[in-house]
Amino acid sequence: MAKKATAKTKKAGKPKAPTAKPAKAKPAKRGAPSKAAAAKPKVAPGELVTLLDFVRYAVSRFAEAGVVFAHGTTDPIAEAVFLIGETLHLHPDQFEMFASARVTAREAAAILGLIERRIAARLPAAYLVNKIYMRGVPFYVDERVIVPRSYIGELLDSHFDGGDTSLIDAPDAVERVLDLCTGSGCLAILAAYAFPNATVDAVDLSKDALAVATRNVAEHRLDDRVSLYQGDLFGPLGEERYDLIITNPPYVDADGMASLPAECRAEPAMAFDGGDDGLTIIRRILAEAKDHLTPDGGLLCEVGRCRPQIEDEFPQLPLLWLDSEDSEAEVFWIAAADL
């Protein structure tokens, strides 16, 4: 089923997804915006008229306040469109259709209030509206889970569809999938959509995170196909084996943890913390994955900027490094036979 790693892939030609990992930045005290941001500008009625007017205004305010975009959206325009669209109950795909539409006075007040709250609270935008989209699919999120921004969602579309660049022969043949460190359950749910004949097991150490994942599984009506387990990596699974293991584990090293921006420090630290060198959890996954894969299975693992450390420590592993629209070599694939 799985194809062996032989070469680095080309970038997938898929629509961009709002995904990004936290970049290193000077720590900022949560809830303490810059002096410029503290003085809230007043917008007179009629000064901002259309959705695009509010996007431009939000982008300017975000730039003035030094807001960080490393938690679900990748730039100030995407962040503004996301917040304004959610305020107006518009799916991201609908924004362009209504970009020139006028905003009512009540809607304007709600939009402006959300923009200022984003700046003052230094919370990820997804927490303010309790929603994030991956591959156009909506998921509930709150402060019990990391904001989903894994590149794996895009890679399931571009490299597991049975086409010319596919790493498996046929998605219909995948019967069992495991999602380690599932968090909100978003990757487990996207896997259930990508592999229609598969059942999906999803594991997380956090009871709080699994409560959010339970809600998302129920909202997507996948209770009969996605099962959630609390425990440490493979611990609660016994001797179960899978055709595919996907995982976006903690991989931020100690220096990165010390320099996370305020928005990222609002998220659960355990979802980021990969130990001194970022590889603490990844080492365990590489050591144990083969015992939980079928002979023709494979492991898809996101590791952020840890590629140099991994290649230094595991030179014997023929890892295939994959690119997405917004990342280069931050996810690897390896067949079970090569582990």
Side-chain angles (χ1 to χ4, degrees), residues 13-20 23 33-34 36-143 147-149 153-154 157 184 186 190 216 219-220 261-264 266-267 324-326:
K14 293 284 183 177
K16 288 188 178 182
T19 54
S34 65
K40 295 180 182 179
K42 293 183 178 179
V43 178
E47 286 187 320
L48 302 175
V49 178
T50 68
L51 271 63
L52 280 180
D53 290 339
F54 283 89
V55 170
R56 198 285 307 159
Y57 173 80
V59 170
S60 296
R61 291 288 290 128
F62 292 157
E64 178 186 26
V67 171
V68 175
F69 310 100
H71 38 267
T73 57
T74 56
D75 58 70
I77 296 176
E79 181 108 336
V81 168
F82 171 63
L83 285 175
I84 293 166
E86 286 306 303
T87 304
L88 302 179
H89 308 290
L90 298 176
H91 187 278
D93 292 342
Q94 296 176 304
F95 190 90
E96 185 175 354
M97 181 188 307
F98 294 103
S100 61
R102 297 171 65 91
V103 174
T104 69
R106 178 176 293 182
E107 291 170 338
I111 292 170
L112 294 173
L114 194 56
I115 291 169
E116 298 307 327
R117 188 180 170 204
R118 172 67 179 88
I119 292 168
R122 284 301 198 263
L123 289 172
Y127 288 166
L128 300 180
V129 297
N130 295 124
K131 186 183 288 185
I132 196 68
Y133 294 88
M134 289 190 70
R135 311 305 294 158
V137 180
F139 297 98
Y140 174 86
V141 293
D142 61 32
E143 293 179 77
V147 177
R149 66 270 219 173
E154 178 183 334
D157 287 343
S184 61
C186 57
L190 290 179
N216 279 319
E219 289 185 352
H220 285 271
E263 286 89 344
C264 293
E267 300 177 79
S324 71
E325 284 289 331
D326 294 313

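The analysis underlying the following values was restricted to heavy atoms, covering all of them including side chains, and did not include hydrogens, waters or symmetry mates. Numbering starts at 1 and runs along the sequence shown.
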Name the atoms and distances for all side-chain donor-acceptor pairs under 3.5 Å in residues 105-113, with sequence neighbours left out.
{"unit_1": "Glu107", "atom_1": "OE1", "unit_2": "Thr104", "atom_2": "N", "d": "3.0"}
{"unit_1": "Glu107", "atom_1": "OE1", "unit_2": "Thr104", "atom_2": "OG1", "d": "3.3"}

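- Under the 4.5 Å side-chain criterion, counting only non-hydrogen atoms from C-beta, Arg61 is in contact with Ile119.
- Side chain of Glu267 to backbone of Val147: a donor-acceptor contact under 3.5 angstrom is found.
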- Task: Carefully, step by step, assess Arg135 and Asp157 under the rule side chain to side chain contact (heavy atoms under 4.5 Å, CB included).
- Result: CA-CA 9 Å; Arg135 311 305 294 158; Asp157 287 343; 2.9 Å; yes
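- Scanning for side chain to side chain donor-acceptor pair (under 3.5 Å) contacts around Asp142 gives Tyr140, Arg144, with sequence neighbours left out.
- At distances below 3.5 Å, at least one donor-acceptor pair connects side-chain atoms of His91 with backbone N or O atoms of Gly136.
- With sequence neighbours left out, Ser100 forms a side chain to side chain donor-acceptor pair (under 3.5 Å) with no residue at all.
- Inter-residue side-chain proximity for Glu325 and Glu154 is flagged as met; some heavy-atom pair is nearer than 4.5 Å.
- Within the 4.5 Å cutoff, the side chain of Arg122 has no heavy atoms near those of the Val68 side chain.
- The two residues Ala266 and Glu143 make their nearest non-hydrogen contact at O-OE1, 4.1 Å.
- Residues Leu114 and Val129 are in side-chain contact: their nearest non-hydrogen atoms beyond the backbone lie under 4.5 Å apart.
- Annotation: side chain of Leu51 is in contact with side chain of Leu90 (closest heavy-atom distance under 4.5 Å).
- Of all heavy-atom pairs between Lys131 and Phe82, the closest is O-CZ, 3.1 Å.
- Between the OG1 atom of Thr74 and the CD atom of Glu79 there is a distance of 9.5 Å, given to the nearest 0.5 Å.
- Residues Thr50 and Val103 form no side-chain contact, since every pair of their non-hydrogen atoms from C-beta on lies 4.5 Å or further apart.
- In plain terms, the two heavy atoms of Tyr133 and Pro92 that are nearest each other are CZ-CD, 3.4 Å.
- Proximity of Phe95 to Ile84: side-chain heavy atoms (C-beta onward) are separated by under 4.5 Å at one or more points.
- Annotation: the span from Phe54 atom CZ to Leu88 atom CG amounts to 9.0 Å, rounded to 0.5 Å.
- Of all heavy-atom pairs between Val141 and Ser184, the closest is CG1-CB, 4.4 Å.
- In this pair, His220 and Phe139 present their aromatic rings tilted. The plane angle is within the 30 to 60° band.
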- side chain to side chain contact (heavy atoms under 4.5 Å, CB included) assessment of Ile132 paired with Arg149: CA-CA 9 Å; Ile132 196 68; Arg149 66 270 219 173; over 6 Å; no
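- Within 6.0 Å of atom CD in Glu219, more than 12 heavy atoms from other residues, nucleotides or ligands are found, so the atom counts as buried in its surroundings.
- For the pair Arg118 (side chain) and Pro124 (backbone), a donor-acceptor distance under 3.5 Å is absent.
- Annotation for Ala58 and Ile115: closest pair CB-CD1, 3.6 Å, computed over non-hydrogen atoms.
- In Leu52, the CG atom is crowded: over 12 heavy atoms of neighbouring residues, nucleotides or ligands sit closer than 6.0 Å.
- The two residues His89 and Gln94 have their closest heavy-atom pair at O-OE1, 4.4 Å.
- For the pair Glu96 and Asp93, the minimum side-chain heavy-atom distance is 4.5 Å or more.
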